[in-house]
Amino acid sequence: MVWEKVLEKFKEIFGSEGEIGVYFAPGRVNMIGEHTDYNGGHVFPCALTIGTYGVARRRDDQKLRFYSMNFDHLGVIESSVEHLTPEKEADWTNYPKGVIWAFGEKGMKVEQGMDLVLFGNIPNGSGLSSSASVEVLTGFILRDMFGFDVTNQDLALIGQYSENNFNGVNCGIMDQFAIAMGKQGHAIFLDTATLKYEYAPIKLENAKIVISCSNKKRGLGDSKYNERRAECERALAMLQETVNINSLGALTWDEFEQYKDVIQDDICRKRAKHAVYENQRTIQAVEDLKNNNLADFGQLMNESHVSLRDDYEVTGIELDTLVEEAWKIDGVIGSRMTGAGFGGCTVSIVKNEAVDQFIEKVGSAYKDKIGYAADFYVVEIGDGPVRLA
Ligand code: GLA
């Protein structure tokens with residue numbers, strides 16, 4: 001069991017006395033609906049069975065002592081519930097610190113510190129939301145440890161709040177929501193304008209979900225992410241001079257085509273086009289899935305990628321290579337980049353009998369073209385956060 005190793009590490013570093021809790025929060029993959037969540041559109045993500053394990057114990061003083069088995073070389077990083085500000089030297093611990101800070105901002109001040117050891121089996125920087133997983137996990141631990149009266153949906157919102165206001169990434173709600181609300185075997189059809197959601201079963205008897213990880217680190221991704229968001233806001237402001245809407249997600253295809261010329265900036269118009277079309281694709285894709293029409297669902301995944309490549313411009317040669325090589329393989333039902341883009345990974349639905357060939361062929365074509373290897377994961381859809389022991 002993975003968690004037993006994390007518990008062992010905790011005891012080795014912090015000792016074995018007192019009440020120690022063992023927790024898990026998943027990572028997530030988005031099937032379709034990309035860059036729609038901060039545009040008031042729909043998303044369709046699911047939680048995975050890989051994620052972040054955490055072992056924690058409350059302290060009597062104000063100290064925070066954090067250790068990650070993914071960054072052994074950093075050792076124990078200390079801070080305090082009395083000094084919650086983002087610091088470069090705090091490295092990854094800015095995520096749990098941010099959540100503790102966000103609880104305080106929401107009127108739930110954390111008065112005591114904790115010892116915490118984390119281990120994530122989500123590939124780092126892969127775009128499967130390792131940071132949102134740490135955020136939701138931290139919130140879940142705080143609720144368990146201090147008895148705060150918050151729902152899982154609140155944990156998602158607090159996680160997003162901390163990421164926006166403590167860690168400076170203007171992300172939408174998708175990642176934290178998918179993680180906090182995850183349900184085994186189901187994806188979550190979420191309307192980000194209202195937070196109304198519905199679980200849709202993903203029944204893949206003859207196929208698997210394969211994640212192809214480009215191993216290209218995001219690097220400048222976060223600033224580009226904020227830039228895309230700002231471009232969509234500019235497009236919306238121009239549209240609002242003519243149409244009465246609160247978000248790009250409120251427009252249909254036809255309405256967008258009717259009004260698009262009021263967006264007097266080619267780049268902003270392309271970004272808005274993606275946001276509107278992707279939202280409509282997502283609504284259609286869920287309909288297709290409900291009708292057991294996996295082929296059409298896959299086709300919409302492919303169209304999503306093209307739009308992210310050509311109109312939203314967040315793919316890059318690594319993700320394009322993974323997807324274009326995937327499309328060449330018989331037995332691939334759909335393939336697209338997933339997450340923020342600019343590196344990270346792709347998601348593909350692959351028929352069982354084609355999975356080995358997929359990994360071999362896409363892998364070798366990628367290595368030839370890009371010069372380093374991609375990694376492949378056949379994943380399962382799992383539940384939201386849990387306490388394991
Ligand atoms: C990142 C963000 C999400 C979402 C996706 C793009 O994962 O954290 O809120 O915007 O990018 O769909």
Side-chain angles (χ1 to χ4, degrees), residues 25-48 51 95 98-99 122-136 156-182 187-193 195 197 211 213-214 217-233 247-249 271-272 274-282 285 300-301 304-305 307-309 311-316 319 336-347:
R28 69 94 186 89
V29 65
N30 188 22
M31 300 306 294
I32 191 162
E34 216 65 81
H35 288 280
T36 49
D37 66 345
Y38 49 86
N39 284 310
H42 292 76
V43 291
F44 196 51
C46 40
L48 299 172
Y95 290 105
V99 173
I122 310 171
N124 286 330
S126 60
L128 300 178
S129 285
S130 50
S131 55
S133 178
V134 170
E135 288 159 5
V136 172
L157 289 163
I158 294 170
Q160 182 201 19
Y161 185 86
S162 76
E163 177 118 17
N164 292 168
N165 299 295
F166 196 88
N167 283 301
V169 179
N170 270 330
C171 66
I173 188 61
M174 172 171 75
D175 303 346
Q176 291 82 2
F177 199 96
I179 289 166
M181 305 295 284
I188 309 174
F189 182 44
L190 170 69
D191 179 351
T192 63
L195 293 189
Y197 65 95
I211 307 279
C213 189
S214 70
K217 294 290 176 248
R218 286 244 299 266
L220 282 176
D222 291 349
S223 60
K224 289 260 181 236
Y225 182 91
N226 288 346
E227 183 183 295
R228 290 295 176 282
R229 189 166 178 156
E231 287 159 353
C232 288
E233 279 162 11
S247 69
L248 295 174
R271 307 298 190 240
H274 167 78
V276 172
Y277 276 64
E278 180 76 355
N279 180 40
Q280 298 297 321
R281 264 193 294 274
T282 307
L300 290 168
M301 288 175 74
S304 164
H305 185 83
S307 174
L308 288 156
R309 183 188 68 195
D311 287 331
Y312 220 64
E313 298 180 282
V314 292
T315 57
L319 294 172
R336 57 181 288 275
M337 62 148 269
T338 183
F342 316 105
C345 55
T346 69
V347 57

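Just follow the structure's listing: the first ligand is 1, and inside any ligand the first atom is 1. Keep in mind the model is a prediction, meaning the values are calculated, not measured. Below, each value reflects all heavy atoms present in this structure, side chains not excepted, and no hydrogens, waters or symmetry copies.
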Pair Arg271 + Glu313, salt bridge at N-O below 4.0 Å: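 So Arg271 pairs with Glu313 through a salt bridge.
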
Between [X] and ligand 1, is there a nitrogen or oxygen pair with a distance under 3.5 Å?
{"X": "Tyr38", "answer": "no"}
{"X": "Asn30", "answer": "no"}
{"X": "Thr36", "answer": "no"}

Which bit of Gln160 is near ligand 1, meaning a heavy atom under 4.0 Å away: side chain, backbone, both or neither?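 For Gln160, no heavy atom sits under 4.0 Å from ligand 1.
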
Just by modelled atom types, is the Gly339 backbone N or O under 3.5 Å from a matching donor or acceptor in the Asn30 side chain?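 No.
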
Quick check: does any side chain N or O of Asp311 sit under 3.5 Å from a backbone N or O of Ser307, one acting as donor and the other as acceptor?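 Between the backbone of Ser307 and the side chain of Asp311 there is no qualifying donor-acceptor contact (under 3.5 Å).
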
Provide the number and element of each atom of ligand 1 under 4.0 Å from a heavy atom of [X].
{"X": "Gly339", "answer": "6 (C), 11 (O)"}
{"X": "Tyr225", "answer": "1 (C), 2 (C), 3 (C), 4 (C), 9 (O), 10 (O), 11 (O)"}
{"X": "Cys171", "answer": "2 (C), 8 (O), 9 (O)"}
{"X": "Met174", "answer": "4 (C), 5 (C), 12 (O)"}
{"X": "Gly172", "answer": "9 (O)"}

Provide the closest heavy-atom pair for Cys213 versus Cys345 in the form atom of the first, atom of the second, distance.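 For Cys213 and Cys345, the tightest heavy-atom pair comes out as CA-CB, 3.7 Å.
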
Not counting sequence neighbours, which residues clear side-chain hydrogen bond (donor to acceptor under 3.5 Å, both in side chains) with Glu278? List them please.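 Expected list: Arg281, Ser304.
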
Contact check, Arg28 vs ligand 1, heavy-atom distance below 4.0 Å: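 Arg28: in contact with ligand 1 (<4.0 Å).
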
Looking at non-hydrogen atoms alone, which of Ile32, Asp37, Leu128 comes nearest to atom 4 (C) of ligand 1?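 Shortest heavy-atom distance from atom 4 (C) of ligand 1: Asp37.
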
Who pairs with Glu135 by salt bridge (Lys or Arg N to Asp or Glu O under 4.0 Å), at least two apart in sequence or on another chain?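 Salt bridge (Lys or Arg N to Asp or Glu O under 4.0 Å) list for Glu135, sorted by chain: empty.
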
Let's go through Thr282 and Phe189 carefully: what are the C-alpha distance in whole Å and the side-chain angles of both, what is the deciding distance for side-chain contact (heavy atoms from CB on, under 4.5 Å) to 0.1 Å, and is it a yes or a no? CA-CA 9 Å; Thr282 307; Phe189 182 44; 4.3 Å; yes

Parallel, tilted or perpendicular for His274 and Tyr312, by the 30°/60° rule?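 It falls in the tilted class, 30° to 60°.
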
